[in-house]
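Order of the sequence lines sets the chain letters (A, B, ...), proteins ahead of strands, with each chain counted from 1. None of the values given here were measured: they were computed from a predicted structure.
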Amino acid sequence: MERYNFKKIEEKWQNFWIRNKSFKSEMNLKLKKFYCLEMFPYPSGKIHMGHVRNYTIGDVLSRYKSMQGFNVLHPMGWDSFGMPAENAARENDLHPKDWTEKNISVMKKQLKSLGLSIDWDREISTCNEDYFKHQQLFFIEMFEKGLVYRKENYVNWDPIDQTVLANEQVIDGKGWRSGAVVERKKLNQWFFNISKFSESLLESLNSLKNWPKKVKTMQANWIGKSFGCEINFKIKGDLPINEIKCFTTRPDTLFGFSFLAVSVDHPISKFYQDDPKFKKFKDECSKTGTTEESIAQGEKIGFKTNLLATNPLNENEKVPVYFANFVLMDYGFGAVFGCPAHDQRDLDFALKYNLPVRTVVKPPEENDDFKINNEAYTGGGVIINSKFLDGLKVPDESIIKTINIIEEKKIGKKTINFRLKDWGVSRQRYWGCPIPIAYDKDGNVHTIPKNKLPIKLPEKINLKAKGNPLNLENEWRKISINGLECLKETDTLDTFVDSSWYFLRFCSPNDKEYGFDYDAAKYWMPVDQYIGGIEHAILHLLYSRFFMRAITYKNENFSLSEPFESLFTQGMVCHETYKDKNNNWLSPDEIETNDGKNFFKKNDPNNTVSIGPAESMSKSKKNTIDPAEMIKNYGADAVRLFILSDSPPEKDVQWSEQGMLASYKFIQKFWLINNRIKEKIETSTNNNQKGDLDLKKFTNQLINKIDNNLEKFNYNVIIANMHETYNYLNKVLSGQFNREVLIENYKKILTVMSPVIPHLVNECFEVNNFSISQKWPLVNKKYLSEETVSIVVQIGGKKRGIIKTKKDTEEKTIMDLISKEDRINKSIKNKKINKVFFVKNRLINILLND
RNA sequence: GGGCGAGUGGCGGAAUUGGUAGACGCGUUGGUCUUAGGAACCAAUAUGGCAACAUGUGAAGGUUCGAGUCCUUUCUCGCCUACCA
């Protein structure tokens, strides 16, 4: 008996699939479609375990849906613009395009070696002109629709990547990619008007029924809608400032007003920019503003001006105006009115600068002399000390009535404020999609005429130059527009733009005219199942939702606002970490053990290794496992099996050598049992046999379980079902079966295992001379229930025994059976039965009177 | 500070949604075969107890004939997010 030669066999079937274009998808209005999409990879060099997990999950689903008769679209592409290519190119003195294409060819080969059911005819790569020329057209269309604009403002400048970052790309004051502390810089930038759709982006989160709640909450928080009002405060002082506008959600606490605070970037700061004390204060703010400790400590500091602000509800009251570090220019109007009693930040500030703390809300159970000490009161209750507002119920009534009063007095108005800011898309990089804009000699903006698209990147480039390499390309920059000599924009688009519409491109990847064909998109969109990491919960997913709105805005021919019908976020792949005695990270193959308990560094027995907890695989911790290596050693089916087996897909999974080996053994064992089954089939006759019914039952129950588990993404349980199947076959195979029954049921068993281990299943089909089935078997409900059932017998709620009996046996009969079972009956006899609870085919609970 | 999620054997994790807790895998133990085995196969494996039996899903209460599952309180851990006015 030959061992299963996974290398030969997997290659054979992978070639078979390619030769037969097994996964080619074509639009067919008569067929129900299923668009399965996994987040496409950045071609960084080679695939990692996260990819393996992501694409295996999607592949299992695609194969399942396809066998169910859906017309499945399961494409793959490359998010191939971006910084790493540029950095790698600079270091190795090659062109980003060459570096990228080399990586793509390596990774494509690796993905193919996993046996994924991908329609490679639809492959796209965002750095190809074929792709980004359409993106440039979208940009121009959006410009024409007023969804793109240019403005000068402060940007987040990443000093390492030498580029601008969008707000959502700054994490803890650091660049999301480089980790460098972000600086503030004033630049002319292109913006997408994403905030125009704030309401819609928030509102229709409700319609995304099959998105994780967590992701929806994160997006809702990011959009950050708050209801309140803007209030104009009159300003007195020695400067030409008449008014400062504030946004507040708590206008009802206006009588607790004791200072007004503005951001150091507030427009009025221009009157102070020559004041050295103010400069010093501003420096201090920018320093403390970003460090984690300062945020945690939340120290409030202020710079007092000579200005006084008037309380609009109480003209006699004037309070000082401060610059304060806790006021952000990005939110509202960059100015807040301080009410220390009912806002912790304001209270901290007031206590530091000895400002009055006036209580204007009291909790329901407190008296009117309720006083605030070190803790602001933000809860509900009743308004006090506020003249005509006294007695209003906090929060709803008080806020609404106060806003009405403010509007009547014309000192402000009801406002809904969003935290979401427009998306700055300019990047000062070479390796990205050129922005299709040019400037004439007077600096006027011109869009590039459509017949001059695409704007390509210059092929030869000096990447060693500091800043944006395109700035030096004087010849490339020249363009004539309507006879005017212009210079092209040198900024390129944020690569998140590339990934904001790639799912549309997959619908018609070869369309020459436009980014996507409307009919194709109407058929395939929306994506039925999108699968990817939770790390894109905000950025990529929000941008894509915006992009759909931008494309369909003022568009009579195509409408769709939500690109992803269902979203599944898979967990990370983790591995133990190892450190030697000098605290250096070690990779799994740098350690050794003699007893399986104590580990030491390879070839260095005195260097004991300490084992750390499983953490997500990263190069810096050296706890990565190379998928290519695993596929080489164990085969694609075994790797697919293992990556799904140990944990539910949405949770983190821990990679373990033992687990990998167990999956490999399963493949080998199954191959052996397949050969036993083959012999069994050959020696069986067409006579009915004792084992037939049991096999039919097992098979149908298996199909039923796998169906349910597939629908619910319980892929780890499917693997358990597959092990159960092996154990069952191994147990019953010594018995006899009707030849036809054995063939039919074994085919079904193989078919339901095929989404996970397609190569082995195909081979088993072939060696058995089964015609290869593409149909998912249907459950025959007749075989789902057993005719013998185990009834749990409880006395007073405690399990006392089990009675095996015929299905649907009535209570009376079961009571008779119990009386014949000494072990159970002994606790009943001579006692009075109070009540009996009976659940058919399940359980009987007898309550005694004592 | 805010939000979300999770606590089940030595470990990863199952549990038809209120009805036999611990499927399946790893690990461990014993056995068979073998020159050997880090191979293969067989068996055992929640805890205590020879046993009958008792206890057992982070803790404490509650609802119920019956709770891992529902309710209340509480503890611990993880992730995300943060001066959002």
Side-chain angles (χ1 to χ4, degrees), chain A residues 171-172 212-218 220-222 224-226 228 246-250 253 261 263 288-289 292 294-300 324-328 330-339 342-346 348-349 378 417-420 534-535 537-538 571-572 593 596 614 641-642 645-648 650-654 656-663 665-666 668-669 672 701 704-705 708-709 714 716-727 730 784 790-799 801-802 823 834-839 841-847:
Chain A
I171 296 148
D172 285 340
K213 219 175 105 200
K214 188 180 179 176
V215 174
K216 291 196 276 188
T217 311
M218 284 168 79
N221 289 341
W222 187 263
K225 181 180 179 176
S226 46
C246 295
F247 172 75
T248 179
T249 55
R250 292 300 302 277
T253 62
S263 157
T288 57
E292 281 172 43
S294 72
I295 290 171
Q297 285 169 5
E299 206 205 342
K300 311 282 180 288
N325 66 335
F326 65 92
V327 183
L328 309 171
D330 282 345
Y331 190 76
F333 301 101
V336 300
F337 89 75
C339 174
H342 306 292
D343 183 294
Q344 193 58 46
R345 291 158 303 176
D346 295 351
D348 294 345
F349 191 80
T378 54
N417 198 47
F418 288 96
R419 184 178 171 268
L420 182 67
I534 186 94
E535 66 273 18
I538 295 173
M572 290 181 297
T593 178
L641 190 68
F642 176 63
S645 69
D646 267 6
S647 299
E650 70 276 12
K651 291 220 274 180
D652 287 356
V653 65
Q654 192 179 337
S656 79
E657 280 297 320
Q658 289 103 326
M660 181 63 249
L661 201 62
S663 297
K665 285 178 189 170
F666 176 83
Q668 292 292 342
K669 279 192 321 192
L672 293 178
Q701 282 165 5
N704 191 42
K705 281 193 229 176
N708 289 333
N709 289 324
N714 292 338
N716 54 325
V717 187
I718 290 176
I719 311 305
N721 297 150
M722 289 166 63
H723 281 284
E724 282 167 0
T725 304
Y726 171 83
N727 293 341
N730 194 35
L784 284 188
S790 302
I791 307 282
V792 177
V793 182
Q794 294 183 341
I795 314 270
K798 291 200 172 186
K799 187 179 143 196
I802 287 169
R823 268 185 57 197
N834 189 9
K835 199 166 184 185
V836 175
F837 284 86
F838 176 66
V839 185
N841 299 328
R842 275 258 158 84
L843 166 143
I844 187 160
N845 189 5
I846 301 163
L847 299 186

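Protein atom CD1 of A:I718 is 16 Å distant from nucleotide atom P of B:G25, rounded to whole Å. Atom pair A:D343:CG and B:G1:C1' shows a separation of 12 Å (rounding to whole Å applied). Taking atom CG of residue A:N709 and atom C1' of nucleotide B:G13, one finds them 13 Å apart after rounding to whole Å. At whole-Å resolution of the value, CG in A:N721 and C1' in B:A15 are 13 Å apart. Rounding to whole angstrom units, CZ of residue A:R419 and P of B:A85 are separated by 10 Å. To the nearest angstrom, C1' of B:C65 lies 10 Å from CG of A:N834. Separating the CD1 atom of A:I791 from the P atom of B:G19 is a distance of 15 Å, rounded to the nearest angstrom. If you measure from atom NZ of A:K799 to atom C1' of B:G66, you get 14 Å, rounded to the nearest angstrom.
Summarising the geometry, atom CG belonging to A:D348 is positioned 5.0 Å from atom NZ belonging to A:K300; distances are rounded to the nearest 0.5 Å. Summarising the geometry, atom CD1 belonging to A:I844 is positioned 11.5 Å from atom CZ belonging to A:F837; distances are rounded to the nearest 0.5 Å.
With 3.5 Å as the limit, one finds no donor-acceptor pair spanning the side chains of A:N716 and A:D646.
At the heavy-atom level, A:N716 lies under 4.0 Å from the strands shown only through sugar-phosphate atoms. Residue A:S656 is out of contact with every strand shown, counting any heavy-atom pair closer than 4.0 Å. Looking at heavy-atom distances under 4.0 Å, A:L847 makes contact with sugar-phosphate atoms alone, never a base. At the heavy-atom level, A:V327 lies under 4.0 Å from base atoms of the strands shown.
Of the candidate nucleotides B:G25, B:A85, B:A82, B:A82 has the atom lying nearest to any side-chain atom of A:W222.
Between A:K705 and B:U16, a side-chain N or O to OP1/OP2 separation shorter than 4.0 Å is absent. For the OP1/OP2 pair of B:G25 and a distance below 4.0 Å, the side-chain nitrogens and oxygens of A:N727 include at least one atom meeting the criterion. Contact check, A:R842 against B:U16: no side-chain N or O comes under 4.0 Å of OP1 or OP2. For the pair A:N325 and B:C83, the criterion of a side-chain N or O lying under 4.0 Å from OP1 or OP2 is not met.
Between A:Q794 and A:Q658, the residue anchored nearer the 5' end of RNA chain B, judged by the nucleotide with its closest heavy atom, is A:Q794. If you find the closest nucleotide of RNA chain B to A:F326 and to A:T217, the one lying nearer the 5' end belongs to A:T217.
Anti is the glycosidic conformation of B:U47, whose angle departs from 0 by more than 90°. Glycosidic conformation, B:G9: syn, with the torsion inside 90° of 0.
Here A:F837 lies parallel enough and close enough to stack on the base of B:C65, with planes under 30° and ring centres under 5.5 Å apart.
Without hydrogens or angle criteria, A:Q701 side chain to A:L784 main chain gives a donor-acceptor distance under 3.5 Å. At distances below 3.5 Å, at least one donor-acceptor pair connects side-chain atoms of A:D652 with backbone N or O atoms of A:M572.
Residue A:N709 is tested with A:I719, A:N704, A:V717 for a side-chain contact (heavy atoms from CB on, under 4.5 Å); the sole match is A:V717.
Residue-to-nucleotide contacts include a donor-acceptor pair under 3.5 Å from the side chain of A:K300 to the base of B:C83.
Stem regions for RNA chain B, each three or more consecutive Watson-Crick or G-U pairs with both distances under 3.5 Å and listed by first number, read B:1-7 with B:75-81, B:10-12 with B:24-26, B:27-32 with B:40-45, B:46-48 with B:53-55, B:58-62 with B:70-74.
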How does protein reach along nucleotides 37-53 of chain B, written 5' to 3' as B (base within reach of a heavy atom under 4.0 Å), S (only sugar-phosphate), or - (no contact)?
--SSSS-----------

